[in-house]
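Beneath this line is the structure, given in structure tokens, with notes to follow.
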Amino acid sequence: MKLYDYVLSPSCYKVRLMAALTRVKLEIRAVDFHPGAEHRGPELMALNPAGSIPILEDGDLILSESAAMLTYLAANAGPEWLGSGAPEETARIQQWLSFAHRLTASLGGARLHEMLLRPGDIGALQAQGIAALRELEAGLVEQGLRGMRFIASDQPTIADIACFPYVALAPDGGIPLAPYPAIRLWSRAIRGLDNFIEMPGIPRLHELKPEPHVEPGEV
Amino acid sequence: MMQDAMVDEWYPVGLFSQLDVNGRKTALMGEPIEVALDAEDRAEVTCGDGRTLPVCVRYGHVWSSLGKPQKDLFAIPEADQPGRRLVDVGVIRVRCSPLRAVENFLDIAHFPFVHTDILGAEPHTEVQDYKVEIRQDEDEVWATQVKFYQPQAAKSASGGITTEYMYRVPAPTCCVLYKTCPPRPGEWDVIALFVQPLAEDLCDVWPWMALFDDVTPMTDLIHFQQTIFLQDRSILENQIPRLLPLDPGMEIPTRADLTSVAYRRWLKRHNYTYGAQLVAQ
């Protein structure tokens, strides 16, 4: 499986993270998104006329929507990430997968504006981002009342991976996460998963690592 | 109050390769400026008040100044050395003092904690003694004989090595580091951070590199450096106080911070205080 990837893109990171969590090895093809705008060039436009990344290629299958990539990785290597199949849970997963687009447009837009100088109405992007965060916070609190730690189930699903990156990187767009305790707990739960991988701006949980063991004279 | 001496220095204001006749609207020390190509494909910088500002094009970037630069832009001789690949990493905006961006670049002690498994790793956290001086002839801050264990020091490094560094501050918002070059012992890879001060607490950072590496695709080199810098960005945006304190008392340095101490001393000596906090004004 080949991923057309930009190291700073939260959407690309969703796919890298899902692959790591399900132990799928990806072939990474680095795309010069910034400063080169390679995703708008002829080679990648031929693969994905929308001009966006990530793009996932597996034989004849070419995917340009990250939710479809998460589904494909899970169906191949970790069906438990697709949920139990119960009607309500299945619907919640779909609900949050679609909701993730709002996070991309708002928090992602604010981040691109504040970090890579992309045009946009920063006030409006931040206001929409905060509205989406409040909705997610409420959703996670309700899940907590149901006794569930993750957004659609008691186990993590592709819906968590779809929402997590843009939320965790909200501070990059000038939106602090301090007001959202349920989101912060949920974020910790995801960062504490086995085989979790980091990206710039989303560090690993150092406290979960084993205590470093120093041999005498090693340092 | 004496005018800040930083006004007469050169600052990066854009990538030359990305300039066009339509121009790029940006800012320099609070003043709106526009950077564009003129009819003869030369870079031109105009200030919001209509003045044409001094211009030079070097190291892939356009440089300008609001004042009257007293000397040429500092030299990086390695930029002209055959066989090196010159990498324009692209702009990244950071809500921090331009001086804090440079100071962070000079720090080694944070490597194992912020750049974990790339530029450092526990338990190899010790910063060994190194030498720091303010060179009088060049009027630059230099740190030499800096050694650090790194799991993946460069894109071209295949495993952990003890990397040697030299750091150099040739201008108040520019920093050049020289580090062990894995494929070519005896030469140094050059990695620079050119910082454009937009305001005292806001800057555009333009990383740039001159490397010996014939193997790694250009995009991977860019991604490697962007990864490193973006790991720093969130830390920089959360530093308090936002401006860099130049008087003692606000922060307590340790031995590992000798470069930072020299940098702050050098800034103060030159009255380079744009983005700095002074207790005694």
Side-chain angles (χ1 to χ4, degrees), chain A residues 4-10 12-13 16 28-39 41 43-44 53 110-119 122 168-178 197-207 209-219, chain B residues 14-18 24-27 60-61 87-95 112-118 121-128 148-149 155 162 196 198 202 204-208 216-238:
Chain A
Y4 291 79
D5 180 56
Y6 177 46
V7 71
L8 301 186
S9 152
C12 294
Y13 169 62
R16 296 197 303 271
I28 299 287
R29 153 72 160 82
V31 175
D32 183 8
F33 178 91
H34 175 80
E38 190 190 357
H39 58 300
E43 184 197 342
L44 293 202
I53 47 169
R111 180 172 177 268
L112 283 176
H113 182 278
E114 292 295 276
M115 204 169 86
L116 302 183
L117 319 189
R118 294 295 194 271
I122 185 62
L169 293 167
D172 277 352
I175 302 167
L177 290 173
I197 54 164
E198 58 200 343
M199 79 163 268
I202 308 182
R204 70 185 78 177
L205 291 174
H206 282 270
E207 57 270 38
K209 302 243 299 174
E211 277 296 305
H213 175 71
V214 189
E215 295 291 339
E218 186 187 344
V219 177
Chain B
L15 271 181
F16 184 69
S17 62
Q18 295 207 328
R24 169 174 191 270
K25 286 187 167 46
T26 175
H61 293 76
V87 186
D88 297 339
V89 177
V91 67
I92 294 145
R93 178 159 295 175
V94 190
R95 195 158 289 281
F113 311 104
V114 177
H115 309 296
T116 313
D117 293 343
I118 306 175
E122 290 181 282
H124 309 278
T125 56
E126 187 188 354
V127 179
Q128 298 168 38
F148 209 70
Y149 174 83
K155 201 71 199 172
T162 295
Q196 174 184 356
L198 301 167
L202 184 68
D204 278 351
V205 177
W206 305 87
W208 178 84
T216 311
M218 184 61 100
T219 302
D220 292 80
L221 296 173
I222 293 172
H223 285 197
F224 183 80
Q225 197 54 30
Q226 288 185 350
T227 296
I228 301 296
F229 190 69
L230 264 289
Q231 290 175 331
D232 287 316
R233 184 177 180 272
S234 54
I235 311 262
L236 282 168
E237 295 203 330
N238 285 293

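Using a 4.5 Å cut-off between heavy atoms, A/P203 does not touch chain B at all. Both the backbone and the side chain of B/Q231 come within less than 4.5 Å of a heavy atom in chain A. At a 4.5 Å heavy-atom cutoff, the contact between B/V89 and chain A is made by backbone atoms alone. For a residue to count as touching a neighbouring chain, one of its non-hydrogen atoms must lie under 4.5 Å from one of that chain's; by this rule B/Q128 does not touch chain A.
Contact tally against chain A (heavy-atom pairs below 4.5 Å) for B/T219, B/T26, B/D204, B/L15: the top residue is B/T219. Listed options A/G174, A/A30, A/P171, A/G201 were ranked by heavy-atom pairs under 4.5 angstrom with chain B; first place goes to A/A30.
Here the closest heavy-atom approach between residue B/V91 and residue A/H34 is recorded as O-NE2, 2.7 Å. Closest heavy-atom contact between B/Q18 and A/P35: NE2-O, 2.8 Å.
Atoms CD1 and NE2, from A/I28 and B/H223 in turn, are 10.5 Å apart once rounded to the nearest 0.5 Å. To the nearest 0.5 angstrom, B/R233 atom CZ is 5.0 Å from A/D172 atom CG. With values rounded to the nearest 0.5 angstrom, B/Q226 atom CD is found 7.5 Å from A/D32 atom CG. The CD1 atom of B/I222 sits 11.0 Å away from the CG atom of A/L8 when rounded to the nearest 0.5 Å.
Each of B/R93, B/E237, B/R95 was scored for a side chain to side chain contact (heavy atoms under 4.5 Å, CB included) with A/E114, with one residue passing: B/R95. Checked options B/V114, B/D232, B/L230; the residue passing with A/P200 is B/L230 (criterion: side chain to side chain contact (heavy atoms under 4.5 Å, CB included)).
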